[in-house]
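Here, residue 1 is the first one in the sequence, and each next residue gets the next number.
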Amino acid sequence: MGFRFNDIEESEKTMMNFEEKVKKGGRVYVETYGCQMNFSDTEILLSILLDNGFYETGEISDADVIFLNTCSVRKHAEDKIYSRLNSLKKLKKSKPHLIIGLLGCMAERVKRELFNKFEFLDLITGPDEYRKLPELIRSVRRGEKGIAIKLSKTETYDDITPYRKVGVNAWISIMRGCDKFCSFCIVPFTRGRERSRSYNSIIKEAHCLYNEGVKEIILLGQNVNSYRYNDFDFADLLIAVANATGNTRIRFTTSHPYDLSEKLLKAIASKENICKYLHLPVQSGSDKILKLMNRHYTIEDYKAVINKARELIPEIGISTDLISGFPGETDEDHKLTLKLIEEVQFDSAFTFIYSPREGTKAFKLKDDVPLELKKKRLSEIINLQRKISLNIHKKLIGKKKQILIESYSKRSKDFLMGRTDCNKTVIIPKGNYNIGDFVNVKIKKVNSATLFGTVI
Ligand code: SAM
Ligand code: SF4
Ligand code: F3S
C-alpha cells in the first residue's frame with residue numbers, strides 16, 4: 001500500500017500534539033501506598049490529569065511530576081514515606097523543574113506542616129481534592145506552593161472513569177470515607193464522612209468493565225455494608241452488579257461485623273458469580289478490648305455472624321484483621337484472641353501491632369503494652385493462624401477447584417498464579433494457559449499460604 005501525504009501530516013500533527021501536551025502538562029509518575037482504595041484513587045486522579053493534558057509515565061527518571069499517594073494507618077506507613085521523600089530530594093536537586101507532590105491520607109493528616117519538614121515539596125493534596133490537581137500544578141509552575149486538603153461530604157468522583165490498565169481485575173470504589181470511628185483508626189480523619197456513590201453509575205461502570213473483558217470486579221469501601229443510595233443497600237447493589245456482568249467474578253471489601261445483614265449473606269449465596277469469600281475484621285477476641293476499640297459488637301455477636309455465614313454459604317472462605325497490644329490488653333485478653341482464632345478457624349488473617357495515631361480516641365489511652373510484648377503476642381497469633389491455615393489447606397489436597405489466572409508466579413515465569421473463588425492462591429505450571437483464563441485444577445501440594453495444583 002502506498003504512503004499518503006496525509007499520513008505524514010497526521011503523524012506530524014500527532015507529534016506536535018504530544019509535544020504541546022507534554023509542555024502544557026507533563027509526564028506524571030505516581031507511587032501508591034496503603035489500601036486498595038488508595039490504589040483505586042490513583043486511577044481516578046490519573047484520569048483527571050490525563051484529561052487535562054498530562055501523560056502517565058512508568059519511569060520515575062522521565063517524570064516532570066512525581067506524586068506519592070500515601071497512607072497514614074500506622075506510624076510505619078508514614079515512616080516509609082518520610083524516607084522516600086528524603087531520597088527524592090536528590091532527584092529534585094538534579095532536575096529543578098521537577099514537581100514533587102504528596103497526596104492521600106498522610107497529606108490530609110499532616111497537612112501544611114509537611115512543607116516545613118520538606119522544603120522541596122511543592123504540593124499537598126487530600127483524597128477529596130484531586131479535581132484541583134491540574135490547577136495546583138499550574139500554580140506551582142507560577143512559583144507558588146500548592147495545597148488543597150478540604151474534606152468533602154459529597155465528593156465521590158462519580159463522573160470520573162478511572163484510568164485503568166486493562167487487566168484481569170478492576171476496582172470500583174462504591175463509597176468514600178468512614179463514620180465508624182473505631183478508637184484506634186485514623187481513616188475517618190483522613191477520608192472524612194461516609195458517602196455512597198450513585199447506584200446506577202456503579203452498575204454502568206461494572207457493565208462497561210464486563211464488556212471490556214475484565215474477569216473480576218472488586219467493589220471497594222471502608223465498610224461496604226453501610227452502602228446506601230436512595231432505597232438501595234449493599235445487598236441490592238451486589239446483586240445488580242452481578243446481574244450486569246455475566247460470569248465476571250464479583251468480590252467486595254471491607255465488611256464490618258456490626259452491620260453485616262442476613263440479606264447480604266443471602267445475596268452472596270444467591271449468585272454464582274459473587275465470590276464466596278468474606279473479609280470480616282474482628283480486631284480482638286476480648287469483649288473488654290472491643291469496647292475500648294469502639295467496635296460495637298461482642299465476640300458472641302461476631303461468632304453468630306460467622307455461624308450464619310457458614311450456615312447459608314457452607315463453602316465460604318473467611319479472613320480477618322487482628323491488632324495486638326491495644327492499650328489495656330492483658331495476657332488474659334490476648335489468650336481470648338488466641339481462643340477465638342482457634343474457634344473460628346479463619347482461612348487467613350492480616351495481623352498488626354497497635355500503632356497509636358494522634359487525633360484518635362485511643363491515642364489518649366496509655367500505650368501500656370511494651371513493644372517486645374506486642375511483638376511476642378503478634379508472633380503467637382501468626383504461628384497459630386499459620387497452623388490453622390495449613391490444616392485447612394491440607395484438607396484441600398486431591399480436591400478440584402476452579403481458579404482465575406491472575407499473573408505469573410512471583411518466583412518463576414514457568415508458573416502462573418490464580419485464585420479460587422474463596423480467595424486461595426494457587427500456583428500451576430504455565431503450560432498453554434494464559435492470564436485471564438478460568439481453569440479447573442487439582443490441588444497436589446500445600447503450605448500455610450499457598451496451594452499448588454495442576455490443570456485437569
Ligand atoms: N475499614 C476496614 C475495617 O473496618 O476493617 C479496614 C480499615 S484499616 C485500613 C485496615 C486494618 O488496619 C484494620 O482492620 C485494623 O486491623 C488495622 N489498623 C487500623 N488502625 C490501626 C492502628 N492504629 N494500629 C494497628 N493497626 C491498625
Ligand atoms: Fe477504620 Fe473502623 Fe472505619 Fe475500618 S470501620 S476504616 S477500622 S474506623
Ligand atoms: Fe491507609 Fe488511607 Fe487506606 S490511611 S489504609 S491509605 S484509607
Next on the checklist: I'd like to know whether Glu129 forms a salt bridge (Lys or Arg N to Asp or Glu O under 4.0 Å) with Lys132, so could you lay out the CA-CA distance, the side-chain angles of the two residues, the decisive distance to 0.1 Å, and finally the verdict.
Outcome noted: CA-CA 6 Å; Glu129 297 265 49; Lys132 291 194 182 145; 3.0 Å; yes

Item to check | Closest non-hydrogen atom pair between Thr320 and Tyr302, with its separation | outcome: OG1-OH, 3.6 Å

Checklist entry - Should Ile341 and Leu322 count as side-chain neighbours, where that means a heavy-atom distance under 4.5 Å? => result yes

Checklist entry - Is there a donor-acceptor contact under 3.5 Å linking the side chains of Ser319 and His279? => result yes

Checklist entry - With side chains defined as the heavy atoms from C-beta onward, is the minimum distance between Gln222 and Met175 less than 4.5 Å? => result no

Next on the checklist: If you define the side chain from C-beta out and look only at heavy atoms, does anything of Leu238 sit under 4.5 Å from Leu264?
Outcome noted: yes

Item to check | Worked check of side chain to side chain contact (heavy atoms under 4.5 Å, CB included) between Arg251 and Leu219 | outcome: CA-CA 6 Å; Arg251 294 190 188 281; Leu219 305 178; over 6 Å; no

Next on the checklist: Using the rule side-chain hydrogen bond (donor to acceptor under 3.5 Å, both in side chains), only one of Thr32, Thr42, Thr125 pairs with Asn69; which is it?
Outcome noted: Thr42

Checklist entry - Residues in salt bridge (Lys or Arg N to Asp or Glu O under 4.0 Å) with Asp421, at least two apart? => result none

Checklist outcome for this item: What one should report as the nearest heavy-atom pair of Arg249 and Gln402 is NH2-O, 3.5 Å

Checklist entry - Would a 4.5 Å heavy-atom cut-off, applied to side chains only, mark Leu103 and Leu123 as touching? => result yes

Checklist entry - So do Ile392 and Ile388 actually touch side chain to side chain, heavy atoms under 4.5 Å? => result yes

Please tabulate, for the side chains in residues 287-294, all donor-acceptor contacts under 3.5 angstrom to protein atoms that are two or more places apart in sequence or on a different chain.
| residue | atom | partner | partner atom | Å |
| --- | --- | --- | --- | --- |
| Asp287 | OD1 | Ile299 | N | 2.7 |
| Lys288 | NZ | Gly328 | O | 3.0 |
| Lys288 | NZ | Asp333 | OD2 | 2.8 |
| Asn294 | OD1 | His296 | NE2 | 3.3 |
| Asn294 | ND2 | Phe181 | O | 2.8 |

Item to check | N-O pairing of Glu406 and Lys215 below 4.0 Å | outcome: no

Next on the checklist: So that I can tick it off, tell me whether Asp128 and Lys153 are bridged by a salt bridge, with the cut-off set at under 4.0 angstrom between side-chain N and carboxylate O.
Outcome noted: no

Item to check | Pair Lys308 + Glu311: basic N to acidic O under 4.0 Å | outcome: yes

Next on the checklist: Taking CZ in Arg193 as the centre, count heavy atoms belonging to other residues, nucleotides or ligands within less than 6.0 Å. Is the count above 12?
Outcome noted: yes

Next on the checklist: Set out, in order, the CA-CA distance, both residues' side-chain angles and the distance that settles salt bridge (Lys or Arg N to Asp or Glu O under 4.0 Å) for Arg377 and Glu329, then state yes or no.
Outcome noted: CA-CA 10 Å; Arg377 288 179 184 166; Glu329 185 188 76; 2.9 Å; yes

Checklist entry - So does Arg191 pair up with Glu108, basic N to acidic O under 4.0 Å? => result no

Item to check | salt bridge (Lys or Arg N to Asp or Glu O under 4.0 Å) evaluation trace for Asp79 with Lys75 | outcome: CA-CA 6 Å; Asp79 289 346; Lys75 180 174 178 292; 2.9 Å; yes

Checklist entry - Would you say the side chain of Leu396 lies within less than 4.5 Å of the side chain of Lys401, judging by non-hydrogen atoms? => result yes

Checklist entry - Near Lys339 NZ, under 6.0 Å, is it more than 12 heavy atoms from other residues, nucleotides or ligands? => result no

Checklist entry - Are a donor atom and an acceptor atom from the side chains of Tyr258 and Ser226 found within less than 3.5 Å of each other? => result no

Item to check | pair Lys180-Asn223: side-chain heavy atoms closer than 4.5 Å | outcome: yes

Item to check | No-hydrogen, no-angle side-chain donor-acceptor test under 3.5 Å, Ser389 and Gln385 | outcome: yes

Checklist outcome for this item: Heavy-atom closest pair (Thr156 atom, Ser196 atom, distance to 0.1 Å) is CG2-O, 3.8 Å

Item to check | Considering all heavy atoms, the nearest Asp41-Pro127 contact | outcome: OD2-CB, 4.2 Å

Next on the checklist: Looking at Lys374 and Asp367, is any side-chain nitrogen of the basic one under 4.0 Å from a carboxylate oxygen of the acidic one?
Outcome noted: yes

Item to check | Lys NZ or Arg CZ of Lys444 over Phe452 ring: under 6.0 Å, within 45° | outcome: no

Checklist entry - Does some side-chain heavy atom of Val441 sit less than 4.5 Å from a side-chain heavy atom of Thr454? => result no

Next on the checklist: Holding to ring pair (Phe, Tyr, Trp, His ring centres under 6.0 Å), I want the full list of residues that pass it with Tyr297, two or more places apart in sequence or in another chain.
Outcome noted: His256

Checklist entry - Lys442: what forms a salt bridge (Lys or Arg N to Asp or Glu O under 4.0 Å) with it, not counting sequence neighbours? => result none

Item to check | CA sep, side-chain torsions, deciding dist, call: Glu194, Arg176, salt bridge (Lys or Arg N to Asp or Glu O under 4.0 Å) | outcome: CA-CA 6 Å; Glu194 191 177 279; Arg176 299 182 71 81; over 6 Å; no

Checklist entry - How about Tyr157 and Glu155: does a side-chain donor come under 3.5 Å of a side-chain acceptor? => result no

Checklist entry - Taking it one step at a time, do Ser72 and Thr190 satisfy side-chain hydrogen bond (donor to acceptor under 3.5 Å, both in side chains)? => result CA-CA 8 Å; Ser72 275; Thr190 63; over 6 Å; no

Checklist entry - If you look at every heavy atom in Val73 and Cys71, which pair is closest and at what distance? => result N-SG, 3.4 Å

Next on the checklist: Quick test of your reading of the model: are Glu56 and Lys165 salt-bridged, counting only N-O distances below 4.0 Å?
Outcome noted: yes

Next on the checklist: I'd like to know if the side chain of Thr360 pairs up with that of Arg357 as donor and acceptor (distance under 3.5 Å, no hydrogens or angles considered).
Outcome noted: no

Next on the checklist: I'd like to know whether Glu31 forms a side-chain hydrogen bond (donor to acceptor under 3.5 Å, both in side chains) with Tyr33, so could you lay out the CA-CA distance, the side-chain angles of the two residues, the decisive distance to 0.1 Å, and finally the verdict.
Outcome noted: CA-CA 7 Å; Glu31 230 168 66; Tyr33 298 80; 2.5 Å; yes

Item to check | Arg419 and Asn169: side chain donor to acceptor below 3.5 Å | outcome: no

Checklist entry - Less than 6.0 Å separating the ring centroids of Tyr82 and Phe118? => result yes

Checklist entry - If you look at every heavy atom in Ile203 and Val241, which pair is closest and at what distance? => result CG1-CG2, 4.3 Å

Donor-acceptor pairs under 3.5 angstrom involving side-chain atoms of residues 266-273: please list them, not counting sequence neighbours.
| residue | atom | partner | partner atom | Å |
| --- | --- | --- | --- | --- |
| Lys266 | NZ | Glu262 | OE2 | 3.3 |
| Ser270 | OG | Ala267 | O | 2.8 |
| Lys271 | NZ | Asn243 | OD1 | 2.6 |
| Asn273 | ND2 | Ala242 | O | 3.1 |
| Asn273 | ND2 | Gly246 | O | 3.1 |
| Asn273 | ND2 | Thr248 | O | 3.0 |

Checklist entry - Does the pair Glu358 and Ile186 meet the rule for a side chain to side chain contact (heavy atoms under 4.5 Å, CB included), with working shown? => result CA-CA 8 Å; Glu358 199 175 344; Ile186 197 71; over 6 Å; no

Checklist entry - Using the ring of each side chain (for Trp, its six-membered ring), is Phe234 parallel, tilted or perpendicular to Phe252, with breaks at 30° and 60°? => result perpendicular

Item to check | Derivation and outcome, side chain to side chain contact (heavy atoms under 4.5 Å, CB included), residues Val168 and Val214 | outcome: CA-CA 5 Å; Val168 179; Val214 165; over 6 Å; no

Item to check | Ser201: partners by side chain to side chain contact (heavy atoms under 4.5 Å, CB included), with sequence neighbours left out | outcome: Asp158, Arg197, Ser198

Checklist entry - Can a cation-pi geometry be assigned to Arg74 and Phe352, taking NZ or CZ under 6.0 Å from the six-membered ring centre and within 45° of the ring axis? => result yes

